[in-house]
There are 2 protein chains.
Amino acid sequence: MKRFDKASVTIKDVAKRAGVAHSTVSLVMNDREHVSPKLRERILKISNEMGYMPNMVARSLISKRSSTVGVVFPENPHFFTITYFLMMIEGIQNACKKYDRALMFFSLDQTKGESYYQISRKWLIDVMVIMNVDYTRDISKDIEDLRKNGIAFSIVTKYVGKEKVNAVCVDNFEGVRLALEYLAERGHKRVGYISGHPNSSDGPERLQAFKALSKKMGFDQDRDLIVQGDFTFESGEREAPKLLGLKKRPTAIFAASDYMAIGAMRAMKAQGISIPKDIALIGFDNTLEAAYVEPALTTIRQPLQEMGEKAVDLAVRSMNDENFEPQLAVLKPELIIRQSC
Amino acid sequence: MKRFDKASVTIKDVAKRAGVAHSTVSLVMNDREHVSPKLRERILKISNEMGYMPNMVARSLISKRSSTVGVVFPENPHFFTITYFLMMIEGIQNACKKYDRALMFFSLDQTKGESYYQISRKWLIDVMVIMNVDYTRDISKDIEDLRKNGIAFSIVTKYVGKEKVNAVCVDNFEGVRLALEYLAERGHKRVGYISGHPNSSDGPERLQAFKALSKKMGFDQDRDLIVQGDFTFESGEREAPKLLGLKKRPTAIFAASDYMAIGAMRAMKAQGISIPKDIALIGFDNTLEAAYVEPALTTIRQPLQEMGEKAVDLAVRSMNDENFEPQLAVLKPELIIRQSC
DNA sequence: TGGCTTTATCGAAACGTTTCATAGGTTAAC
DNA sequence: GTTAACCTATGAAACGTTTCGATAAAGCCA
């Protein structure tokens with residue numbers, strides 16, 4: 001087993017060369033007061049000459065804070081190719097740069113009984129972003145553990161439990177409103193809806209918004225205009241035919257996620273139905289793929305990058321400030337008009 | 001500033017409860033010999049009861065190895081939404097699981113003069129994967145630093161310098177062969193080529209393969225059948241019209257990346273050219289988007305996941321075994337037939 | 001100049017591990 | 001019954017930092 005043999009230059013080396021105590025060098029490195037400007041400058045110069053770099057691991061150990069952002073995601077072999085998450089990760093990475101923190105990823109292996117808190121302890125993660133995709137699992141216990149132990153974290157998306165925690169989500173009501181108003185403008189009054197995962201926070205919220213708004217706007221209210229998906233491509237492909245097969249076919253379909261919309265698109269193509277001529281299609285999310293499909297998908301943009309960034313912002317703030325009240329950041333969606341309506 | 005106040009259970013706590021020296025507990029935790037089975041069992045039981053988790057940071061500090069895989073990528077605000085990299089990251093993540101290592105990401109800010117070696121020192125990264133996308137930068141010095149200091153690393157993709165290092169790439173010659181033979185089968189003899197970035201390793205390799213094979217296979221050899229892209233969507237959209245505008249238009253276009261192929265597709269659509277009726281199109285990579293465009297893109301698959309995984313494998317092996325000879329792993333490409341030819 | 005306050009620097013302790021030389025105990029060999 | 005060999009368990013040292021109380025020096029005021 002290889003080892004680093006040639007020790008790199010440590011704070012003590014710098015101190016020795018400068019003829020001071022290494023604690024003094026530490027003060028300089030951390031920009032703390034109580035060091036005379038003259039000495040500070042000299043130490044800085046020497047440390048640069050020697051190419052000193054603080055050892056983050058030692059720093060973490062003593063300070064019990066790791067200068068990282070830990071992103072915890074559920075066990076899923078394809079997590080990194082689900083563009084929905086990636087766009088959030090892009091925002092998280094940007095925030096990491098902003099706060100000069102490194103980015104760590106942990107897949108949560110529930111089978112091993114690992115908890116968020118354990119991960120935080122094991123790696124001294126002090127800022128954690130929880131990607132809560134496994135809607136079927138109750139994480140209230142884990143949340144409680146984190147909170148109790150003063151570990152700063154945020155959840156994406158909205159946490160449905162009762163504790164008040166940092167969380168980031170999109171304004172689903174507004175998103176649905178944008179979509180339905182756009183459809184109404186274009187003359188649609190009979191809109192089929194493919195709902196999202198019932199155990200998520202977004203799924204039911206969007207569904208509820210759809211029900212309320214479509215009623216208010218005078219759309220057809222048949223019970224069978226609503227089918228149940230789970231956000232995935234497959235569920236869209238599976239459920240869309242139920243809408244297409246209705247005696248009185250809807251003139252537009254609104255899917256609660258782009259993946260489902262694209263699945264629906266596949267199903268429609270298979271039946272030779274032309275979009276948007278025969279039927280209009282609108283999605284939700286604005287994931288990467290939406291721009292690539294043909295016709296390009298009109299959709300409601302979730303500001304995923306901003307959500308990722310905000311999640312880190314909130315967690316960092318609650319780490320820095322004892323009194324920071326955990327909050328839910330609700331970001332504004334946006335209508336992206338392409339060719340599918 | 002918040003701190004973890006309630007200390008979590010340490011190895012000493014376990015030792016005290018078990019009435020043994022904490023070094024003994026350490027032996028047990030690391031599955032080392034020289035502990036009687038009876039005692040080992042007792043300690044294991046107690047440690048479980050107490051919920052002991054080793055502190056990875058302390059472990060890193062003393063052992064100078066961090067139990068992580070550090071992925072270093074060049075400064076690029078959209079890195080995490082470039083699916084090409086993501087698919088590799090997926091493989092890297094799988095390997096991390098296999099080796100029970102956490103995954104860390106570092107964007108290399110060259111403007112700050114950071115080097116790979118410095119990152120490795122700063123965070124005690126002992127297994128590093130270098131995503132060498134910035135083709136314009138000479139990294140031979142960094143490579144040398146890593147090697148000299150015994151830090152295990154791999155590069156994706158192929159490293160073009162003279163030192164022998166762990167690297168992972170696709171068999172470009174074979175990939176080009178697959179594409180050209182497929183085109184030949186379908187009767188094409190006049191193929192336009194959009195080349196990749198000239199400072200990469202893949203760009204020139206594929207170009208050379210194209211030149212050699214298209215000659216050998218009796219394709220038209222006009223100089224202007226080859227245009228220069230840089231792997232990006234934009235370059236494909238920019239360069240394709242040059243091929244389309246030729247007096248004698250090619251019957252097929254081969255782009256050295258899917259992004260360029262999709263860019264070319266956009267350009268063709270803009271001109272009302274139908275794919276594959278008017279002209280065939282084939283890409284390279286099989287990134288996520290290839291399956292979503294219309295018509296779905298026929299392409300040469302790079303086994304990106306496998307490449308990511310292999311990169312970690314190589315690095316881990318060279319870490320574990322002093323005598324492991326750095327090697328270049330050349331993975332096999334695969335023809336993915338869709339609708340664009 | 002003496003005493004008091006402030007500031008600059010120092011030294012030691014701590015963080016939670018691993019490692020390594022060594023002590024004590026048991027067994028084996030003669 | 002003595003010595004050697006082995007095995008188990010121990011205690012101290014080390015990793016590279018930060019922190020904090022102590023000390024020394026300097027500044028201030030009377």
Side-chain angles (χ1 to χ4, degrees), chain A residues 1 3-43 47 50-67 118 120-126, chain B residues 1 3-44 46-47 50-67 118 120-126:
Chain A
M1 201 88 105
R3 284 301 180 65
F4 299 137
D5 25 47
K6 251 220 311 215
S8 67
V9 31
T10 74
I11 204 170
K12 289 188 182 172
D13 299 327
V14 176
K16 192 182 287 177
R17 176 95 137 247
V20 298
H22 69 276
S23 54
T24 306
V25 179
S26 173
L27 294 179
V28 173
M29 288 306 152
N30 294 331
D31 256 336
R32 306 275 292 275
E33 45 197 359
H34 299 307
V35 178
S36 68
K38 217 182 81 186
L39 181 55
R40 153 165 281 126
E41 191 132 343
R42 199 164 65 85
I43 289 178
S47 116
M50 299 179 75
Y52 169 69
M53 284 217 107
N55 178 327
M56 300 309 279
V57 171
R59 178 178 285 181
S60 295
L61 180 59
I62 190 74
S63 66
K64 306 214 184 184
R65 10 182 56 240
S66 67
S67 305
Q118 279 176 323
S120 124
R121 274 295 186 215
K122 192 165 168 185
W123 295 92
L124 301 186
I125 299 295
D126 50 356
Chain B
M1 201 89 106
R3 284 303 180 62
F4 299 137
D5 24 47
K6 252 223 304 216
S8 68
V9 29
T10 75
I11 205 170
K12 289 189 183 172
D13 299 327
V14 176
K16 192 182 289 178
R17 176 95 136 243
V20 298
H22 69 276
S23 53
T24 308
V25 179
S26 174
L27 295 180
V28 172
M29 288 307 152
N30 295 334
D31 256 336
R32 304 275 291 276
E33 45 196 356
H34 299 308
V35 178
S36 68
K38 217 181 82 185
L39 182 55
R40 153 165 282 128
E41 191 132 344
R42 199 162 66 86
I43 288 177
L44 238 30
I46 290 176
S47 118
M50 299 178 75
Y52 169 70
M53 286 217 106
N55 178 327
M56 300 309 279
V57 171
R59 177 178 286 180
S60 295
L61 180 59
I62 189 72
S63 66
K64 305 215 184 183
R65 12 183 54 242
S66 67
S67 306
Q118 280 176 321
S120 123
R121 274 296 186 214
K122 194 165 166 185
W123 294 91
L124 301 186
I125 300 294
D126 50 355

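All values below were derived from every heavy atom in this structure, side-chain atoms included, with hydrogens, water molecules and symmetry-related copies excluded. As the structure is a computational prediction, the values presented were derived from the model and not from experiment. Proteins get letters first, then strands, A, B, ... in listed order; numbering begins at 1 in each.
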What is the separation between atom CG on A:L27 and atom P on D:dG16, rounded to the nearest whole Å?
20 Å
Taken to the nearest whole Å, CZ/B:R32 to P/C:dT18 is 9 Å
Using atom names, set out every protein N or O paired with an N or O of nucleotides 12-15 of chain D below 3.5 Å, distance rounded to 0.1 Å.
none

Residue list, side chain to side chain contact (heavy atoms under 4.5 Å, CB included) with A:S67, at least two apart or on another chain:
A:M56, B:W123
Where do N or O atoms of nucleotides 24-26 of chain C meet protein N or O atoms at under 3.5 Å, pair by pair?
none

Between the side chain of B:S66 and the main-chain N/O of B:L124, is any donor-acceptor distance below 3.5 Å?
yes
Over how many whole Å does the gap from A:R42 atom CZ to C:dA8 atom C1' extend?
14 Å
Nucleotide N/O to protein N/O under 3.5 Å, stretch nucleotides 21-26 of chain D:
none

Interatomic distance where CG belongs to B:D13 and P belongs to C:dG16 [whole Å]:
8 Å
Out of C:dT17, D:dT10, C:dT19, whichever nucleotide has its closest atom nearest the side chain of B:A21
D:dT10
How long is the line joining CG of B:L124 and C1' of C:dT17, in whole Å?
13 Å
What is the separation between atom OH on B:Y52 and atom P on C:dG16, rounded to the nearest whole Å?
10 Å
For A:M29 and D:dG16, give me the distance from atom CE to atom P, rounded to whole Å.
16 Å
Numerically ordered, the residues 33-40 of chain B set in heavy-atom contact under 4.0 Å with DNA chain D is B:H34, B:V35, B:S36, B:L39
Over the length of the helix from C:dT1-D:dA30 to C:dC30-D:dG1, how much do the five-pair end axes diverge, rounded to 10 degrees?
50°
